[in-house]
Protein chains: 2
Amino acid sequence: MWDIIELLYFAYRDFVGDPDSVLATFGFGRAHHRVLHFVARNPGLKVAELLDILRITKQSLARVLKQLVDEGFVEQREGETDRRQRRLFATPKGEALALRLATQQTRRIRRALAELGPEGHAQARRFLVGMINAGGRDEALHFVDQTTGVPGRR
Amino acid sequence: MWDIIELLYFAYRDFVGDPDSVLATFGFGRAHHRVLHFVARNPGLKVAELLDILRITKQSLARVLKQLVDEGFVEQREGETDRRQRRLFATPKGEALALRLATQQTRRIRRALAELGPEGHAQARRFLVGMINAGGRDEALHFVDQTTGVPGRR
DNA sequence: CGAAATATGTCAACATGGCTGACATAAATG
DNA sequence: CATTTATGTCAGCCATGTTGACATATTTCG
């Protein structure tokens with residue numbers, strides 16, 4: 001198992017490092033990336049849901065979210081049924097960036113899966129799902145699968 | 001691929017979260033964990049090698065390493081052939097902690113792999129190796145495999 | 001041998017992105 | 001109308017990353 005522990009470390013390190021240079025040109029960091037990614041993937045996401053995905057505090061989120069909104073990557077709209085809510089949407093500009101960031105990571109994943117044969121994707125997926133806390137697994141999968149707005153086909 | 005991006009995020013989040021509570025009781029953070037882990041796995045590691053594994057600066061390393069040394073989890077010994085070197089070793093106390101931290105993560109991994117069938121370990125391993133930068137892959141595998149001192153059997 | 005390269009340590013200052021606690025506002029709900 | 005809910009915000013702290021400059025001991029090389 002020790003090999004998996006270390007490989008997970010190395011793999012994740014390189015994986016999240018992909019977007020760094022692009023992010024830097026916008027003055028953004030990894031925190032911005034995570035927010036933008038999940039907003040782009042889940043149009044109309046509520047702030048509370050985003051907090052729950054990221055498991056950070058309101059204040060930590062506010063810092064990066066404000067920048068994304070101010071610079072026109074994310075847009076907030078009043079909830080249709082509940083006007084207290086600020087539903088979050090990626091703007092076209094935001095979606096373009098999210099797509100660009102994801103593209104590099106996708107390339108890396110595709111390359112890795114290519115070495116695994118036809119069942120690779122399903123296998124990798126099952127492994128990763130199994131690594132998630134049993135409790136939060138359904139919730140995580142909800143965000144992973146039940147996506148109505150993949151960036152690029154809004 | 002989007003599902004893998006997100007699952008990797010969730011899986012890694014939970015995976016690295018396992019040791020947090022134990023670390024907190026020692027006043028340590030994740031940075032200490034990483035250092036202790038690689039030292040325990042590679043007895044006699046040179047500082048330069050550790051810097052290369054972690055990809056952090058000398059100053060960042062110094063901060064956490066000093067604490068680990070001061071509190072008796074890691075020990076520095078002069079290199080036998082090159083006396084400029086400070087080879088790093090986990091003390092018995094350090095190895096015990098490393099083992100304890102790894103045990104939780106190992107349990108999680110074992111559980112995830114159990115759902116994959118007999119080839120699970122090899123498959124997960126190949127996937128993760130494929131995710132590592134092609135350039136640094138050999139070097140990473142060097143540390144993953146060529147381990148002379150698994151904590152617990154020193 | 002003496003100069004240069006190497007391995008490591010250290011100081012000061014700064015950035016990012018977590019955190020807590022307290023408090024504010026508007027809207028929904030009972 | 002009182003309470004709860006969704007969100008925002010202020011102030012400050014902490015962990016861990018960064019840069020740049022410089023110090024020390026030791027090895028290596030011309």
Side-chain angles (χ1 to χ4, degrees), chain A residues 9 12-13 16-17 19-21 23-39 44-71 74-89, chain B residues 9 12-14 16-17 19-39 44-71 74-89:
Chain A
Y9 167 73
Y12 195 77
R13 182 191 67 182
V16 296
D20 282 350
S21 58
L23 286 167
T25 70
F26 291 88
F28 292 151
R30 292 175 182 181
H32 301 85
H33 184 194
R34 288 192 289 271
V35 170
L36 179 60
H37 177 92
F38 283 107
V39 170
L45 196 64
K46 286 183 281 184
V47 170
E49 289 171 333
L50 187 49
L51 286 174
D52 205 55
I53 292 175
L54 299 176
R55 303 246 184 102
I56 58 176
T57 57
K58 226 174 4 172
Q59 298 77 357
S60 297
L61 174 60
R63 212 157 22 197
V64 293
L65 183 55
K66 189 174 190 314
Q67 290 177 266
L68 288 167
V69 170
D70 286 350
E71 303 185 28
V74 170
E75 171 176 87
Q76 296 174 300
R77 295 186 219 145
E78 229 171 39
E80 293 182 0
T81 63
D82 186 335
R83 287 169 45 228
R84 289 171 305 182
Q85 297 169 354
R86 304 294 158 84
R87 317 292 299 226
L88 302 170
F89 299 85
Chain B
Y9 168 72
Y12 195 77
R13 183 191 66 183
D14 290 347
V16 296
D20 282 350
S21 58
V22 174
L23 286 167
T25 70
F26 291 88
F28 291 152
R30 292 175 182 181
H32 301 86
H33 183 193
R34 288 192 289 271
V35 169
L36 179 61
H37 176 91
F38 283 106
V39 169
L45 196 63
K46 286 182 283 184
V47 171
E49 289 170 334
L50 186 50
L51 286 174
D52 206 55
I53 292 175
L54 299 175
R55 303 247 184 105
I56 59 175
T57 57
K58 226 175 1 172
Q59 297 77 357
S60 298
L61 173 59
R63 210 157 23 199
V64 293
L65 183 55
K66 189 175 190 314
Q67 289 176 266
L68 288 167
V69 170
D70 286 351
E71 303 185 29
V74 171
E75 175 174 83
Q76 296 174 301
R77 294 187 220 146
E78 227 171 40
E80 292 183 1
T81 62
D82 186 336
R83 287 167 46 226
R84 289 170 305 182
Q85 298 170 354
R86 305 292 159 83
R87 318 291 299 225
L88 302 170
F89 298 85

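Hydrogens, waters and symmetry mates are skipped; everything else that's a heavy atom, side chains included, is used.
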What nucleic acid atoms does A:Arg30 come within less than 4.0 Å of, heavy atoms only: base, sugar-phosphate, or nothing? sugar-phosphate
For the pair made of CZ in B:Phe26 and C1' in D:dA15, what is the distance, rounded to whole Å? 19 Å
Separation of B:Ile56 atom CD1 from D:dT16 atom P, in whole Å? 10 Å
If you assign B:Gln59 and A:Phe28 each to the DNA chain C nucleotide with the nearest heavy atom, which residue ends up on the more 5' nucleotide? B:Gln59
Using whole Å, what does the distance between atom P of nucleotide D:dT5 and atom CD of A:Glu49 come to? 16 Å
Quiz question: going by heavy-atom distance under 3.5 Å, is there a donor-acceptor pair between the base of C:dG18 and the side chain of A:Arg55? no
Checking A:Arg34 against A:Ile56 for the side chain to side chain contact (heavy atoms under 4.5 Å, CB included) test, could you report, in this order, the C-alpha distance in whole Å, the side-chain angles of both residues, the deciding distance, and whether it holds? CA-CA 11 Å; A:Arg34 288 192 289 271; A:Ile56 58 176; over 6 Å; no
Under-4.0 Å side-chain N/O to phosphate OP1/OP2 contact, A:His32 with C:dT16: no
When you compare the side chain of A:Phe28 with that of A:Glu71, does any pair of heavy atoms fall below 4.5 Å? yes
Side chain of A:Arg84 only, please: which of C:dA27, C:dT8, C:dA7 is the nearest? C:dA27
In whole angstrom, what separates A:Gln67's CD from C:dA15's P? 13 Å
If you check the B:Gln76 side chain, which of C:dG9, C:dA7, C:dG18 turns out closest? C:dG9
Rounding to an integer number of Å, can you tell me how far B:Arg63 CZ sits from D:dC14 C1'? 11 Å
Measuring only between side-chain heavy atoms, which start at C-beta, is A:Lys46 closer than 4.5 Å to A:Arg87? yes
Can you tell me how far C1' of C:dG18 sits from CG of A:Leu50, to the nearest Å? 15 Å
Stepwise, does the side chain to side chain contact (heavy atoms under 4.5 Å, CB included) test hold for A:Gln85 with A:Val47? CA-CA 8 Å; A:Gln85 297 169 354; A:Val47 170; over 6 Å; no
Is there a side-chain contact between B:Ser60 and the phosphate of D:dT18, meaning an N or O under 4.0 Å from OP1 or OP2? yes
CG of B:Leu88 to CG of B:Leu61, rounded to nearest 0.5 Å, is 8.0 Å
Earlier contact from the 5' end, DNA chain C, for A:Ala31 and A:Arg83: A:Ala31
May I have the distance from B:Arg86 (atom CZ) to C:dG9 (atom C1'), rounded to whole angstrom? 8 Å
Have a look at B:Arg34 and say if it touches a base, only the backbone sugar-phosphate, or nothing, with a 4.0 Å heavy-atom cut-off. sugar-phosphate
Find the distance B:Glu80:CD to D:dT26:C1' and express it as a whole number of Å. 16 Å
Check this one for me: any side-chain N or O of B:Thr57 less than 4.0 Å away from OP1 or OP2 of D:dT18? yes
Walking DNA chain D from its 5' end, the first of B:Leu61 and B:Asp82 to be reached, judged by nearest nucleotide, is B:Leu61
